[in-house]
> 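I am attaching a structure below and will ask some questions about it afterwards.
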Amino acid sequence: MNIFIQVALAANVIAFMQMGVDKRLAVKQRTRISEAQLIAPTFFGGFIGVPLGMLAFRHKTSKRSFQLKFAGATILFLAGAGYFWMNR
């Protein structure tokens, strides 16, 4: 399996799990995972795990600022991946 696919798969699993953990912390009113850490896996290909986690755990679904940051990170990742792919 290609290393890129392995990294992207791991990033998606981590992103999904982080959304669940952060939701649980929010419900228990404990110290939360920062938005930067929730978005970070996106830069490694985890742009599917974040929205799946949002839907599965009903977390950050009404936070427009988070959604915009996530969308920006996804666009940056896809642009970078596209540039890398075209110039390899």
Side-chain angles (χ1 to χ4, degrees):
M1 188 182 294
N2 184 336
I3 188 70
F4 175 76
I5 294 171
Q6 291 175 341
V7 170
L9 182 61
N12 280 294
V13 169
I14 290 167
F16 182 82
M17 291 172 56
Q18 280 184 324
M19 294 303 285
V21 169
D22 192 51
K23 175 65 176 195
R24 185 176 193 133
L25 292 171
V27 169
K28 291 186 173 192
Q29 297 181 343
R30 308 278 308 261
T31 302
R32 308 270 303 279
I33 299 172
S34 71
E35 286 189 354
Q37 288 176 316
L38 291 174
I39 292 172
T42 303
F43 293 108
F44 298 95
F47 58 90
I48 296 171
V50 173
L52 287 179
M54 290 172 67
L55 293 173
F57 302 111
R58 295 184 181 163
H59 189 52
K60 299 274 188 193
T61 55
S62 63
K63 302 293 183 188
R64 187 64 66 200
S65 65
F66 177 81
Q67 294 171 359
L68 290 173
K69 292 173 193 173
F70 169 70
T74 300
I75 290 167
L76 284 174
F77 170 76
L78 293 174
Y83 178 80
F84 176 76
W85 184 262
M86 298 300 281
N87 293 302
R88 61 180 183 115

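The analysis underlying the following values was restricted to heavy atoms, covering all of them including side chains, and did not include hydrogens, waters or symmetry mates.
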> Applying salt bridge (charged side-chain N to carboxylate O under 4.0 Å, His left out), name anything that partners Arg24, two or more places apart in sequence or on another chain.
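Here no residue qualifies.
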
> Would you say Val21 ends up clustered with Leu52 if hydrophobic residues are merged whenever their side chains have heavy atoms under 4.5 Å apart, either directly or through other cluster members?
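Yes, one cluster joins them.
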
> Can you check whether Ile3 reaches Gln6 side chain to side chain, under 4.5 Å on heavy atoms?
yes

> To the nearest 0.5 Å, what is the distance between CZ (Arg32) and CG (Leu25)?
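The distance works out to 7.5 Å.
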
> Looking only at heavy atoms, which two atoms of Gln18 and Gln37 are closest? And how far apart?
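So the minimum-distance heavy-atom pair works out to OE1-O, 3.0 Å.
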
> Please list all pairs passing the ring-ring contact (aromatic ring centres under 6.0 Å, His included) test where one or both residues lie in residues 17-42, with sequence neighbours left out.
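Matches after skipping sequence neighbours: none remain.
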
> Is it possible for you to check whether Lys23 lies under 6.0 Å from the centre of the six-membered ring of Phe57, through NZ or CZ, and within 45° of that ring's axis?
no

> So, for Gly49 and Ala15, which heavy atoms are closest and what is the spacing to 0.1 Å?
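Shortest heavy-atom contact: C-CB, 4.0 Å.
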
> Would you kindly confirm whether Ile39 and Ile33 end up in one hydrophobic cluster when ILVMFWY residues are joined by side chain heavy atoms under 4.5 Å apart?
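Per the 4.5 Å side-chain linkage, Ile39 and Ile33 are co-clustered.
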
> Quick check for you: to the nearest 0.5 Å, what is the distance between Leu38 atom CG and Phe66 atom CZ?
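It comes to 5.0 Å.
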
> Leu55 and Val50: same hydrophobic cluster, using ILVMFWY side-chain contacts below 4.5 Å?
no

> When rounded to the nearest 0.5 angstrom, what is the spacing between CD1 in Ile14 and CZ in Phe16?
13.5 Å

> Let me check something: do Val7 and Leu9 share a hydrophobic cluster, defined by ILVMFWY side-chain heavy atoms less than 4.5 Å apart, either directly or through other members?
no

> Where do Gly45 and Ala11 come nearest, in terms of heavy atoms and distance?
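Looks like C-CB, 4.3 Å.
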
> Taking the side chain as every heavy atom from C-beta outward, state whether Met54 and Met19 have any pair of such atoms under 4.5 Å apart.
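Met54 vs Met19: side chains touch.
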
> Sequence neighbours excluded and cut-off under 3.5 Å, please list the side-chain donor-acceptor pairs for residues 69-88, or say none.
residue : atom : partner : partner atom : Å
Lys69   : NZ   : Glu35   : OE1          : 2.9
Thr74   : OG1  : Phe70   : O            : 2.9
Asn87   : ND2  : Tyr83   : O            : 3.0

> Is the CZ atom of Arg58 crowded by more than 12 outside heavy atoms at less than 6.0 Å?
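12 or below, so no.
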
